[in-house]
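Beneath this line is the structure, given in structure tokens, with notes to follow.
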Amino acid sequence: MTDALVPRAEDFDEISALLTLAFHGDVDPELREVERRVFEPDRALLVREGGIAVAHAGAFTRELAVPGASVPAAHVTMVSVAPTHRRRGLLTGLMRRQLREIHDAGREPLAVLWASEGRIYPRFGYGLAAQRLVLAGDTAGLRLPDPTPAEGTLRLDRPTTHRAELARLYERVRADRPGWSQRDERWWDYVLADVKDLRGGATERRVLLHEGPEGLDGYALYRTKEDWAGTGPRAEVQVGEVVAARPEAYLALWRLLLSIDLTRRVSFPIAAVDEPLFRLVDEPRQLGARLADALWVRVVDVPAALAARRYATGVDVVVEVTDDLLPENSGRWRLVGDPSGAECTPTSAPAGLACDVRALGELYLGGAALAALVAAGRVRELVPGTAVAVSAALGWHRAPAPMEVF
């Protein structure tokens, strides 16, 4: 592979053009400026041939909510290869070097990404750690429970007007939802940017705010898209995110979102697999849910990663791990943990379970069932009964969920 270089900030336009080509988009000057503000050139790798950018991989410096904690995680992004340079090992070289640099820096025990295709990243040790439900359904006739006196009040406004309040509430709720990424000022700029050319004919983004006894305790970002049929109105409510600190706020937000005048459909592409909405509506199949992949996690430093999260119940297990790309992770590790903390140390004791690093990534956020990986032959039970003994500890009381594509 041609040696990759760390790009300069001024290389962003060329990198953006490469990404636009690879992902079949059009150059949008407004979007490019939004993305420029979160670009981290010192975390990027760029391959040039004949002075032209032909391959790139980057990462964002953010924290990821995991069971019981928030952990620094390299948010891998902007991975692309020019159509003229496929099948030359460029992607493999970039991903291997990136993993090595993340590991050797010693700051981030995890890497996380969204995959354009699921077959690409498992060969680099990434495992599917969080799935999502894509909702696209009819709202006509859909019913929710009646309001309660504790529900508080709702109001509409522009999101940027309430940025600080939204940030505080998001961080408060994020602590209890594995898979949500930390947002600093740059990321709130990115999330709230409302690029007109990306609206697809829908309105500008709006924020629905819910105020309870102690102030703001819920919000929803959404837009609407006009549509009419011969029988009357059939506009769509396009929900971007719903954040609620109380059940009453969650219910009130969704009651309005599902009943806006002249709308007949709702879409919500990042619903959690344990989304409470399914326990509230009178006909959940009307939401048109489809299961899709979301976050792929790569354990970069096995002992640091396993010690960083918390465990639902007490666990004491020896796991034999194999990692072809980062051999420092290979070996036997004793994990001892509970809801208050954990430690993971090398050991020569016999292992109860054996797996590759990809399987660890799938289990890390608490969403994948250990029994399913055992049944698939992805985790081997070396001591009978071990999987049953540790399965509950590896789970969590909330399913992992994504919040935004990065």
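Values in this document were obtained by computation on a predicted structure and should not be read as measured data.
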So, are R358 and E362 salt-bridged, with charged N and O less than 4.0 Å apart?
-> yes
Give a yes or no on whether a salt bridge exists between R32 and D28, defined as a side-chain N under 4.0 angstrom from a carboxylate O.
-> no
State plainly whether the residues D194 and R223 are in salt-bridge range, i.e. N to O under 4.0 Å.
-> yes
Is the backbone N or O of R234 less than 3.5 Å from a side-chain atom of R265, with the two atoms forming a donor-acceptor pair by type?
-> no
Checking R309 side chain against A65 main chain: does a donor-acceptor pair fall under 3.5 Å?
-> no
Salt bridge between K225 and E236, side-chain N to carboxylate O under 4.0 Å?
-> no
Measure across L169 and D217 and return the closest heavy-atom pair with its distance rounded to 0.1 Å.
-> CD2-C, 3.6 Å
What is the ring orientation for F39 with F12, classed by angle as parallel under 30°, tilted 30 to 60°, or perpendicular over 60°?
-> tilted
Answer yes when E14 and R48 have at least one side-chain N-carboxylate O distance shorter than 4.0 Å, and no when they do not.
-> yes
Listed by chain and number, what are the side chain to side chain contact (heavy atoms under 4.5 Å, CB included) partners of R107, not counting sequence neighbours?
-> A105
Find out whether the Lys NZ or Arg CZ of R183 is both under 6.0 angstrom from the six-membered ring centre of W188 and within 45° of the ring's axis.
-> yes
Would you say the side chains of S267 and Q238 form a donor-acceptor pair under 3.5 Å?
-> no
Checking ring-ring contact (aromatic ring centres under 6.0 Å, His included) for the pair W187/F406: CA distance, chi angles, key distance, verdict?
-> CA-CA 10 Å; W187 277 98; F406 50 84; 7.3 Å; no
Starting from the C-alpha separation in whole Å, work towards a yes-or-no answer on salt bridge (Lys or Arg N to Asp or Glu O under 4.0 Å) for R88 and E49.
-> CA-CA 12 Å; R88 299 191 187 184; E49 186 171 284; 3.5 Å; yes
Can a cation-pi geometry be assigned to R186 and Y190, taking NZ or CZ under 6.0 Å from the six-membered ring centre and within 45° of the ring axis?
-> no
